[in-house]
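What follows is a set of notes on a single structure, which appears directly below.
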Amino acid sequence: MSGGVNTAVVDSHGRPIPLSERGPASTWSMISFGFWLFLLSDIVIFASLFATYAVLSNATAGGPTGQQIFDLKNVFIETCCLLASSFTCGLMLIAAERRQLRNFYLWALVTWLLGAGFIGLEVTEFSDLVARGYGPTHSAFLSAFFTLVGTHGCHVSSGLLWLLVMVAQVATLGLRSTVVRRLFCFSLFWHALDLVWIGVFTIVYLGSVHV
Amino acid sequence: MSDEHPGPELSGNRHAINRNPRPHSDPADPNLHVEDDGTTSSGSYLLGLALAILLTLASFGAAITHIVWAPGLPVFLAVLAIAQMGVHLVFFMHVNATEEGENTVLALGFGIFIVMLVVFGSIIIMANLSNIMPSMDQLMKMQR
């Protein structure tokens, strides 16, 4: 099993060359590190929304509590969709790196459909809540809930748009190295959204059950 | 882009966040040799998926049923969530503590520090505030 970097850069005498003496970093290192910093700052945004939710989760203003309005079955299906799409996204990246065009299109399609299924379920949940009168204006708890989960949904939606753009780029430019680098950034973004969703389903949905 | 080598020999490691993109032998520097395990990484994704499914099922199961002692449930769920985040970071995003991954791990550590500061700082300060502040009813009475 790999994925880790088991590389050792050595000179002609077999001695390891220190990182500081290997010349400028590669384009790949710089891009992946820069994108990693973007993702971390994005996660800090989510942290502030999580903090807001944690502070306001009991401020129901006489309205419903989370236990009364959340449907855990729906949340479980959403979680499965996102986890499966994270996995197929990894397979998509492997296919892209091996320049297997057909596999790439297949896994990109599966990833997109699973992500779209997640968004579909979330939109259904939101519209159902609003139809029952429990919109974001109902209480501070619901405002915080819609902001946190809605921001995550917006990120997933923009990820779906990004994936469409990437498929269009592969179709026109082919799997050249710049395109594969962008696909790599997309996969990091997609995995990070799944990471945030772990926090959402644990704190927002499961945390409300036994309160 | 001169550092790009789209050859198949690197495909195994190509997607690790901090993998070394150098080829086995760099034509620009004949003294440089890179040992690459060159193995495929779909196994890493499979293992990550299996662990993530187990942890997800465990947290949903614990929340729905009453297997776990109720006062301990929040801690149990938090531990499972942190474990699953770790699984995602290691098996899906390939964060590792190799020499080149140092910067990634350092940035991640700083990110976690800021996240903890924001979340727990907000919770503690707001809980304190609501303890000290008189309630809204009392405030209204004081204004009269």
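Predicted, not measured: the structure shown is a model, and the values here were computed from it. Convention: sequence-line order gives letters A, B, ...; per-chain numbering from 1.
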Nearest-0.5 Å distance, CD1 of residue A:I69 to NE2 of residue A:H138: 9.5 Å
Partner chain B: residue of A:T202, A:L183, A:L83 with the largest heavy-atom pair count (under 4.5 Å): A:L83
Under 4.5 Å from any heavy atom of chain B, what part of A:V75 do you find: side chain, backbone, both or neither? both
Is the closest side-chain heavy-atom distance between A:T65 and A:F141 below 4.5 Å? no
Side chain / backbone / both / neither for A:S48 at chain B, heavy atoms under 4.5 Å: both
Given a strict heavy-atom distance threshold of 4.5 Å, which part of A:L37 is in contact with chain B: side chain, backbone, both, or neither? side chain
For A:F186, all residues meeting ring-ring contact (aromatic ring centres under 6.0 Å, His included), sequence neighbours excluded: A:W162, A:W190
Is it the case that A:S85 and A:T111 place a side-chain donor and acceptor less than 3.5 Å from each other? no
Which word best sums up how the rings of A:F38 and A:F189 line up, parallel for under 30°, tilted for 30 to 60°, or perpendicular for over 60°? parallel
Non-hydrogen atoms of chain A under 4.5 Å away: do they reach the side chain of B:I125, the backbone, both or neither? neither
Using non-hydrogen atoms and a 4.5 Å limit, figure out which bit of B:L108 sits close to chain A: side chain, backbone, both or neither. both
What part of B:I114 gets closer than 4.5 Å to chain A, counting heavy atoms only: side chain, backbone, both or neither? side chain
On the 0 to 90° scale, with breaks at 30° and 60°, tag the B:H88-B:F92 ring pair as parallel, tilted or perpendicular. perpendicular
Could you list all the ring-ring contact (aromatic ring centres under 6.0 Å, His included) pairs where at least one residue sits in residues 63-104 of chain A, not counting sequence neighbours? A:F70-A:F145, A:F70-A:Y205, A:F76-B:F60
Is it the backbone or the side chain of A:A96 that comes under 4.5 Å from a heavy atom of chain B, or both, or neither? neither
Which region of B:M85, side chain (C-beta onward) or backbone (N, CA, C, O), has a non-hydrogen atom less than 4.5 Å from a non-hydrogen atom of chain A, or is it both or neither? both
